Amino acid sequence: MSSFYKLGVIGSPIDHSLSPKIHKIFANDLGLQISYDAIEVNENEIESVVTNLFNQEFMGLNVTLPLKEAAYGLADNLSKEAQNCGSVNTLWKEKDTLCADSTDGRGLVKDLESKGIDVGDKNILLLGAGGSAKAVIPSLLKSKPKMLTIANRTPEKAINLANKFTSGECEVNAAAIDARLNSEPSLIINTTSAGTLKQAIELPENLFSDKVFVYDLSYSFQMTPFNKIAKEAGVKNYSDGLGMLIEQAALSFEIWTSHIPSTDIKREDLL
Ligand code: ATR
């Protein structure tokens, strides 16, 4: 008997979400029947909307900005990774239990690996200390990088995150964004919302070298503003976050359907 999977994504704004397209490509490749709706939801209505959707036989929901922390608060059963992140992007029901996971960090690491980047080898500089940073740090640390430095415009937030994630296996430091760094990173990950907000980004002095790999969590048809700055400063190897978006979606899809989709999707099919 073939199954039908009723799926969707909640957030605000939601109309530009690529998730419906990505999940429909996964389902098509696997010969599965799904529906995947993009549903505009505000923070004050998340609890009633999630309850209603699961009552309407939805089997899985993705959660995007700005609801990832609110969704964390709703879940009865959180994965270990979700507990570490303090936010979730994937919801599903097991009997009467609302379960949740955070697949963003694993998606990032998978995409880096697919680009030949071994996180375990790297001295990482993570720019930003907001929700996106928090969502990817646990997975990065699981890969045991040589060092992780968090730099943020508001230094207290970087210090708080560094304290929260200090582990025995990897040195986690905080740095001010307007200072000169005292170590040379080999992987720079931009988690700030500066590009999305169309704002100029403050950066540490002499940040880039031609040996560093730059990864911007945001994505766009044209080069992202951050990657443009990096390229102009001599960086040769960089990526935007489209691959991470596809990988985190694949991990959610697998949780809901137990099928592993191919993540080999062309940019032109999405953007
Ligand atoms: P998200 O959920 O997308 O991570 P967030 O939690 O609001 O959004 O966090 C945004 C991050 O981008 C913060 O680290 C923010 O720095 P502050 O903590 O100082 O606000 C960072 N950010 C936003 N605009 C920036 C800019 N123009 N330059 C540098 N950092 C910026």
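This chain uses plain numbering: 1 for the first residue, then up along the sequence. Both ligands and their constituent atoms are indexed starting at 1 by order of listing. As the structure is a computational prediction, the values presented were derived from the model and not from experiment.
For S17 (side chain) and I14 (main-chain N/O), no donor-acceptor pair under 3.5 Å exists by modelled atom type.
Of the protein's heavy atoms, none falls inside 4.0 Å of atom 7 (O) of ligand 1.
Near A129, with a cut-off below 4.0 Å to any heavy atom, the atoms of ligand 1 are 14 (O). Residue contact check: G128 has heavy atoms under 4.0 Å from atoms 14 (O) of ligand 1. Heavy-atom proximity to K157, at under 4.0 Å, picks out these atoms of ligand 1: 17 (P), 18 (O), 20 (O).
For atom 28 (N) of ligand 1, the nearest protein heavy atom (residue, atom name, distance) is E202 N, 3.5 Å. Looking only at protein heavy atoms, the nearest one to atom 21 (C) of ligand 1 is T192 CB, 3.7 Å. At the shortest separation from atom 9 (O) of ligand 1 among protein heavy atoms lies G130 CA, 3.4 Å. At the top of the distance list for atom 26 (C) of ligand 1, counting protein heavy atoms only, stands R153 NH1, 3.4 Å.
Around atom 29 (C) of ligand 1, the closest heavy atom drawn from V136, I201, T191, T196 belongs to I201. Of the listed options N152, T154, T64, L203, N152 places a heavy atom closest to atom 13 (C) of ligand 1. Looking at G195, S132, S193, it is S193 that brings a heavy atom closest to atom 10 (C) of ligand 1.
Cluster annotation: Y72 and F54 are assigned to the same hydrophobic cluster (Ile/Leu/Val/Met/Phe/Trp/Tyr, side-chain heavy-atom contacts under 4.5 Å, transitive). Tracing side-chain contacts under 4.5 Å through hydrophobic residues (I, L, V, M, F, W, Y), one reaches I177 starting from V235; they form part of the same cluster.
Classification of the H23-W256 ring pair by plane angle, with boundaries at 30° and 60°, yields tilted.
On a distance-only criterion, A200 and ligand 1 share at least one N/O pair closer than 3.5 Å. Inclusion of L65 in the set of residues having an N or O under 3.5 Å from an N or O of ligand 1 is not warranted.
Remark: E81 CD to Q83 CD distance equals 11.0 Å, nearest 0.5 Å.
Side chain to side chain, S252 and T90 meet the donor-acceptor criterion of an N or O pair below 3.5 Å. In summary, the side chains of N89 and Q248 do present a donor paired with an acceptor at a separation below 3.5 Å, with no hydrogens or angles considered. Side-chain atoms of E40 and S12 form a donor-acceptor pair, as typed in the model, at a separation below 3.5 Å.
In this structure, D96 places its CG atom where only 12 or fewer heavy-atom neighbours from other residues, nucleotides or ligands lie under 6.0 Å away.
Scored by the side-chain contact (heavy atoms from CB on, under 4.5 Å) test, A233 finds F208 as partners (sequence neighbours excluded).
With a 4.0 Å cut-off on non-hydrogen atoms, Q199 touches ligand 1 through its side chain and not its backbone.
Ligand 1 has no atom lying under 4.0 Å from any heavy atom of P66.
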